[in-house]
Amino acid sequence: MLADQGNGAAAVAADPPAPIFTMPEALTSAFDDWRDRLSDVDWVPDLGRDIGSLTWLRGLATLVLLCGIAISFLPDFGPINGHQSAALTGFRADQARSQTIAPLAYGSDTGVRMAATDAVRPLAQSPERPSIELVATLGRGDSLRRVLQRAGVANAEAREVTNLVSSAVTLDEIKPGTKIDVTLGRRSSKNQPRPLDQLAFRARFDLNLEILRNGDQLKLNRKPIVVDNTPLRIRGTVGSSLYRSARAAGAPAEAVQKYLQVIGKKMSVSRDIRSTDEFDIILGYRRAETGEVEVGDLLYAGIERDGKAKAQMLKWASGGRSNWFEASGVGQSRGELVRPTRGRRTSNYGMRRHPILRYKRMHSGIDFGGGYGAPIYAVTDGKVTYAGRKGGYGKFVKIKHSGGLASGYAHMSRIAVSNGRSVRKGQIIGYIGSTGLSTGPHLHYELYRNGRTINPNSVKFVQRSELSGKELKRFKSELQRLKQVTPGAALGTLKSASTGPKKQREISRLTKASIS
C-alpha cells in the first residue's frame with residue numbers, strides 16, 4: 001500500500017505542469033513578425049539627409065514627440081509654499097507692537113501704555129516757543145502793513161515798520177509776490193501779540209532791507225546789491241531767416257518780435273533785407289550780484305550792409321511819449337485813425353435825404369450809433385480848438401491835428417474837454433447824445449483838411465516828430481554810447497560788493513608777529 005502510493009507520487013512529479021494560458025501559434029508568429037519589422041525601422045534618422053522623404057518625416061515626428069514628452073515633465077519653478085503664521089490680533093498684537101519702533105507718521109504709539117496715576121498732574125499752561133519764523137507774501141493790491149498784521153505783528157509795530165521802509169523806498173516799488181521773512185519773539189503774556197524781532201525782504205532789484213530789534217526800538221539796515229546796467233548787445237548775420245538767426249544768437253523771442261516791428265517801419269523785412277546783412281539788437285539788461293537777471297525793453301534796432309548802417313532806430317522819450325527815431329532824429333508813426341466811438345456806422349459820407357429837413361443835401365461826415373452816454377474818443381493827438389454849442393451840431397468839439405487835418409464831433413450829451421487843451425489818441429473827449437438837429441442819440445463825425453470837409457474813410461494819418469537843439473544832441477550822444485557797447489559785454493563776470501581783502505587766519509597773524 002505504501003509502495004503503491006510512493007510509485008504514484010513519483011509518476012505525478014515526473015510530468016510538467018500544465019500552463020495557465022497558451023498563445024495560439026498563429027498569433028505568436030504575427031507578433032514576432034511585427035517585432036522584427038519595427039526593430040528594422042530607423043526611428044532616429046539623420047535629419048540632415050533626404051530632407052522631405054518619408055524617412056525624414058518619420059524622424060521629424062519622433063523628434064517632436066520626444067520634445068513634447070520632455071516639456072510635459074518640465075518642473076515648476078514657482079515658490080514652494082511653506083508654513084505661514086497666523087496674523088496677530090487682540091492682546092498679542094498689542095504686546096508685539098509695544099516691542100517695536102514705529103515712525104511719528106503712524107502716531108508714535110509704541111511702547112507699553114500705562115494709565116495715569118496720582119503722580120501725574122496736568123500743567124497749568126503749556127510752554128511757548130521762544131520765537132516763530134514765518135514767510136509772508138505781498139499780494140497784488142495788498143499793502144505791507146496788512147501783510148504784517150496778518151502775520152501776527154501788532155498794529156503799532158506794523159505802522160512803525162511801514163514808516164521805516166517808506167523812508168528807504170517808496171512802497172509802490174515793492175513788487176507783488178515779494179517774500180518777507182518775519183521772526184516774532186517771545187511775548188510777555190498770551191493776551192499780547194508777539195513782538196517783531198527781525199524782518200527782511202528784497203525791496204528793490206538793487207536793495208535788501210532788514211529790520212532788527214534793538215531793545216525797545218526797531219532799526220532799519222540797508223543792504224545795497226551791486227547791479228550791472230550794461231545793455232545787452234546781440235549781433236549776427238541774417239542768413240536764411242532773420243528771426244531764427246536772432247533767436248540762435250540768444251535774443252529773447254519777445255525782443256526779436258519787437259525788433260522786426262521796428263525795422264518793418266523803416267523797410268520791408270522780406271524784400272529789403274539780404275541774407276548777408278547783419279542785425280544789431282540792444283536790450284536793456286540788469287544783473288545783480290546775487291545772480292538775478294532782468295531783461296528790459298528793446299533800446300536799439302539796426303541793420304548793417306557791407307559795414308554801413310542801413311537802418312538805425314533808437315527808442316527815445318520826447319514830449320512825454322516814447323517813440324522810435326532814426327539816427328537823424330526824425331521819428332515816424334503810421335496808422336489809421338482810431339474809431340471815434342464803438343457804435344456801429346449808421347450813415348456814410350455823401351449826398352442823402354436829411355431826416356429832419358426832408359430834402360436832399362450833402363452829409364459831410366459819418367454817423368455812428370450808440371447808447372446815450374457812450375464815450376467818444378479823439379481819433380489821434382491834437383489840440384482842442386472849439387468846445388461848446390454850435391447851431392445844428394448841438395454840443396460840438398473840434399480838434400486840430402498835424403498836417404492840416406482836423407476832426408469834429410457833434411450832438412454830444414456832455415463835453416469832457418475844454419478849449420485849448422491838448423488831447424491824446426484814444427482819449428475820451430465827450431459822450432454820445434442827441435443835441436442840435438438830431439433824431440436820436442448818435443455821433444456825427446467829420447474830418448477836415450485845410451478847413452474843408454473830406455471823406456474820413458480816405459485818410460490815413462501820418463505823424464512825424466523831429467528832434468532839435470539840445471534834445472537832438474542828447475539823442476545822438478545816447479545813440480553813440482549804445483553803439484560803443486561790445487556785443488556780449490553784459491554777460492561778463494560781475495564783481496561782488498562783498499569782495500574785499502582776503503581775511504587772514506589768526507594763527508598766521510600770530511606767527512608773523514612772533515617773527516617780527
Side-chain angles (χ1 to χ4, degrees), residues 227-287 291-319 321-336 403 460-468 471-494:
V227 174
D228 181 23
N229 294 317
T230 303
L232 177 61
R233 189 176 188 182
I234 304 172
R235 291 175 59 92
T237 305
V238 172
S240 60
S241 171
L242 176 56
Y243 179 84
R244 288 197 293 268
S245 299
R247 291 285 289 128
E254 294 183 1
V256 178
Q257 293 174 0
K258 183 63 177 178
Y259 171 82
L260 294 176
Q261 294 175 3
V262 174
I263 292 297
K265 296 180 180 181
K266 180 66 177 177
M267 61 178 68
S268 174
V269 177
S270 58
R271 296 191 305 269
D272 298 338
I273 298 180
R274 302 175 184 175
S275 60
T276 56
D277 293 344
E278 294 185 354
F279 60 85
D280 195 355
I281 301 174
I282 301 180
L283 306 172
Y285 197 76
R286 297 204 302 168
R287 292 182 304 151
E292 293 83 5
V293 172
E294 279 189 354
V295 180
D297 297 331
L298 179 67
L299 303 179
Y300 173 83
I303 289 287
E304 292 186 4
R305 180 176 300 169
D306 299 330
K308 297 181 180 180
K310 188 70 176 177
Q312 299 182 84
M313 304 295 292
L314 177 65
K315 191 174 184 180
W316 188 258
S318 177
R321 299 185 64 181
S322 295
N323 198 2
W324 286 93
F325 289 82
E326 301 175 7
S328 59
V330 176
Q332 184 175 13
S333 59
R334 299 186 180 94
E336 294 184 357
K460 287 186 178 180
F461 187 76
V462 178
Q463 181 182 7
R464 286 184 179 271
S465 55
E466 186 172 354
L467 304 178
S468 61
E471 189 174 14
L472 178 60
K473 186 176 181 180
R474 293 196 303 270
F475 171 82
K476 291 189 174 182
S477 176
E478 177 66 13
L479 178 62
Q480 188 67 21
R481 184 187 71 85
L482 289 178
K483 295 188 68 175
Q484 290 178 353
V485 175
T486 304
L491 304 178
T493 304
L494 178 62

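Residues: numbered from 1 along the sequence shown. Please read these numbers as outputs of a predicted model, since none were measured by experiment.
Heavy atoms only, all atoms of each residue included: R287 and V293 are closest at CG-CG2, 4.0 Å. Here the shortest heavy-atom pairing between G302 and I263 reads N-CD1, 4.3 Å. Minimum heavy-atom separation, A251 to I281: CB-CD1, 4.4 Å. Considering all non-hydrogen atoms of both residues, A490 and Y285 come closest at CB-CD2, 3.6 Å. Across all non-hydrogen atoms, the minimal contact from V256 to Y243 is CG1-CD1, 3.2 Å. Taking every heavy atom of both residues into account, L242 and Y259 meet most closely at CD2-CE2, 3.8 Å.
Side-chain contact between L232 and I282: absent, with no pair of heavy atoms (C-beta onward) separated by less than 4.5 Å. Side-chain contact check for L482 versus P231: some heavy-atom pair is nearer than 4.5 Å. No side-chain heavy atom of T276 sits less than 4.5 Å from a side-chain heavy atom of T237. The side-chain heavy atoms of R274 and D277, taken from C-beta on, include a pair separated by under 4.5 Å.
Atom CG of L299 is separated from atom CZ of R481 by 8.0 Å, given to the nearest 0.5 angstrom. Atoms CG and CH2, on L479 and W316 in that order, are 10.0 Å from each other to the nearest 0.5 Å. The CZ atom of F279 lies 11.0 Å from the CD1 atom of I273; values are rounded to the nearest 0.5 Å. For the atom pair L472 CG and F325 CZ, the distance stands at 10.0 Å (nearest 0.5 Å).
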Would E478 and R474 count as a side chain to side chain contact (heavy atoms under 4.5 Å, CB included) if you check the C-alpha gap in whole Å, the side-chain angles of each, and the deciding distance to 0.1 Å?
CA-CA 6 Å; E478 177 66 13; R474 293 196 303 270; over 6 Å; no

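Between the side chain of S241 and the main chain of R244, a donor-acceptor pair closer than 3.5 Å is present. When atom types are taken as modelled, the side chain of D272 and the backbone of V269 share no donor-acceptor pair closer than 3.5 angstrom.
Partner of D280 under the salt bridge (Lys or Arg N to Asp or Glu O under 4.0 Å) criterion, out of R305, R233, K310, K483: R233 alone.
Between R286 and E292 there is no salt bridge, since none of the side-chain N atoms of the basic residue sits less than 4.0 Å from a carboxylate O of the acidic one. A salt bridge links E278 with R235: the distance from a Lys NZ or Arg NE/NH1/NH2 to an Asp or Glu carboxylate oxygen falls below 4.0 Å.
Between the side chains of Q312 and K266, no donor-acceptor pair is found at a separation under 3.5 Å.
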